[in-house]
2 protein chains.
Amino acid sequence: MTKQDMRIVKTKNALHHALLDLLDEKLLEDISVTEICRTANINRGTFYLHYAQIEDLFEEYFKEITGDLSRAYQEPYRFVSVLKVSRLNSSTIRIFHHIQKYEHFYRIVFSKKVPLMYYYLLFEEINRLLLQEADPKMPEDLNAQIHCAYQANAIIGIIIEWYKSDFSYSADYLNDQLVKILNLSHRPS
Amino acid sequence: MTKQDMRIVKTKNALHHALLDLLDEKLLEDISVTEICRTANINRGTFYLHYAQIEDLFEEYFKEITGDLSRAYQEPYRFVSVLKVSRLNSSTIRIFHHIQKYEHFYRIVFSKKVPLMYYYLLFEEINRLLLQEADPKMPEDLNAQIHCAYQANAIIGIIIEWYKSDFSYSADYLNDQLVKILNLSHRPS
DNA sequence: AGTTTTATTGTACACTTGTTGAATAAATAA
DNA sequence: TTATTTATTCAACAAGTGTACAATAAAACT
């Protein structure tokens, strides 16, 4: 990878900060390209040299933040002392804590006017994480892709409910609830 | 409810048809208000009298189509002869068939540039349907809302995977896979 | 029928959007 | 340092956006 042109770095940084500043005042959908550029002291034409829409600029933030989730997966986890249920790995509690940490950000990601794209990015990230700890001994007639999509999106379902409740639950409570849900079908049928 | 002004009905119909016509040619995000009004022979100011954005016009279609899903729930189901698994009710297969029936429409709903709003509308619809057949004997320390959000969104996860595969599976195959997923945790742990 | 109500139209306005081309400035490379 | 490359700026353009107001037309009401 060739050395980054310092002008580009400076421009992108200015746009990043301008977007963040504006997001404190107003909703993403009410922010215009002209406004970001005025705030960042960057020519509007320069914006379009790097991004097609505001959403593409926001997407760069998104990847920084989900990158944090990904990195958290590498290091050993300290927040939960004992895992009560063998079936439940430490994945989900990490995900819940991550969302809680960046609550301000995910309020934007889950707001109804933003493009579905961000949802897919989160979905794929969680999908990837769950895949790392996939159970190798699965019935071969079970489509692994479909199974992963099921599990990953089920967790996002809980997160959506969390968002709708204005994040009024704790991450630990949600994890506890997830344990209970998974235990449900463990009962003899 | 007071009688609808015929002018409004005519205007909305014209806009509906114009949007449908344009959707055959191009993507939703490439359609402008001006274009819809030109096609519908409706003054642009009139559009803004009824809708704030194109998305609100599209939302009216959405509710017509999910209304079809809701109605399908009322009548007895004929497509599946025998339910192989007692735990799996007929809900999901109906949902899969509904998506398949309106595949053209859901290709738009799941495209990455549309607002998240439509996803939520579908989510709430499926949530409502699942709620109708909710198991009454659940542990009381299990949050029913969270449990429903989990189940409903898990199914949408399968549908997303379906969409990403360009709808290359059959509805029956997906239902079969869902049965297998639900049976997974029935095995003694 | 005539009267009242209100949806629609046409025009205008300030603003944003996405794109273009030439001029300029600032980075990298020799 | 000088030369080269390229990011940025500036001005301008046609188009769309969202809103406002008076004029008009078409409903509903009696």
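Values below: every heavy atom of this structure, side chains too, minus hydrogens, waters and symmetry copies. First the proteins, then the strands, lettered A, B, ... as listed; each starts at 1. Given the structure is predicted, the values throughout are model-derived calculations rather than measurements.
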Worksheet item: Is any side-chain nitrogen or oxygen of B:T46 closer than 4.0 Å to OP1 or OP2 of C:dT9?
Response: yes
Worksheet item: Does the ring center of B:F105 lie less than 6.0 Å from the ring center of B:H98?
Response: no
Fill in: Nearest-angstrom distance from the residue atom CG of A:D56 to P of C:dG18
10 Å
Worksheet item: How long is the line joining CD1 of A:I8 and C1' of D:dT8, in whole Å?
Response: 10 Å
Discussion item. Please determine whether a side-chain nitrogen or oxygen atom of B:T34 lies at a distance below 4.0 Å from atom OP1 or OP2 of D:dT17.
Written reply: yes
Worksheet item: With ring centroids as reference points, do B:Y169 and B:Y173 lie under 6.0 angstrom apart?
Response: yes
Discussion item. Expressed as a whole number of angstroms, how long is the span from A:R38:CZ to C:dC15:P?
Written reply: 9 Å
Worksheet item: Is the distance between the ring centroids of A:Y118 and A:F58 less than 6.0 Å?
Response: yes
Worksheet entry | Validation row: B:I65, B:Y106 side chains within 4.5 angstrom (heavy atoms) | yes
Worksheet item: Base, sugar-phosphate, or nothing for B:I42, non-hydrogen atoms under 4.0 angstrom?
Response: sugar-phosphate
Worksheet item: So what's the dot-bracket for DNA chain D: Watson-Crick or G-U pairs under 3.5 Å, [ ] if a pair crosses, | if it pairs off-strand?
Response: ||||||||||||||||||||||||||||||
Fill in: Shortest side-chain distance from A:N43, nucleotide among D:dT17, C:dT8, D:dT9
D:dT9
Item to complete: Using the closest heavy atom to pick a nucleotide of DNA chain C for each, name whichever of A:I54 or B:N41 lands nearer the 5' end.
Response: B:N41
Discussion item. When you measure from the side chain of B:S111 to the backbone of B:I108, do you find a donor-acceptor pair of N or O atoms at a distance under 3.5 Å?
Written reply: yes
Worksheet item: Taking NZ, NE, NH1 and NH2 as the nitrogens, is one of them in B:E124 or B:R128 under 4.0 Å from a carboxylate oxygen of the other?
Response: no
Discussion item. Salt bridge or not between B:R44 and B:E35? Use side-chain N to carboxylate O under 4.0 Å.
Written reply: no
Worksheet item: Looking only at heavy atoms, which two atoms of A:I95 and A:L69 are closest? And how far apart?
Response: CA-CD1, 4.1 Å
Practice prompt. Respond yes when some side-chain nitrogen or oxygen of B:H50 is under 4.0 Å from OP1 or OP2 of C:dA7, and no when none is.
Written response: no
Practice prompt. Could you check how far CD of A:Q53 sits from P of C:dT16, rounded to whole Å?
Written response: 18 Å
Item to complete: Please determine if a side-chain N or O atom of B:Y48 lies less than 4.0 Å away from the OP1 or OP2 oxygen of D:dT19.
Response: no
Fill in: Protein-nucleotide distance (B:K12, atom NZ; C:dA7, atom C1'), rounded to Å
13 Å
Discussion item. From NZ of A:K26 over to C1' of C:dT16, roughly how many Å is that when rounded to an integer?
Written reply: 12 Å
Table of protein N/O atoms under 3.5 Å from nucleotides 23-27 of chain D N/O atoms:
unit_1	atom_1	unit_2	atom_2	d
D:dA26	N3	B:R7	NH1	2.9

Worksheet item: Relative to each other, are the rings of B:F167 and B:Y163 parallel, tilted or perpendicular (30° and 60° limits)?
Response: perpendicular
Fill in: Nearest-angstrom distance from the residue atom CD of B:E35 to P of D:dG16
7 Å
Worksheet entry | Donor-acceptor pair present, B:R44 side chain and D:dG18 base, under 3.5 Å | yes
Item to complete: May I have the distance from B:L49 (atom CG) to C:dT5 (atom P), rounded to whole angstrom?
Response: 19 Å
Worksheet entry | Sidechain N-carboxylate O distance under 4.0 Å for A:K164, A:E161 | no
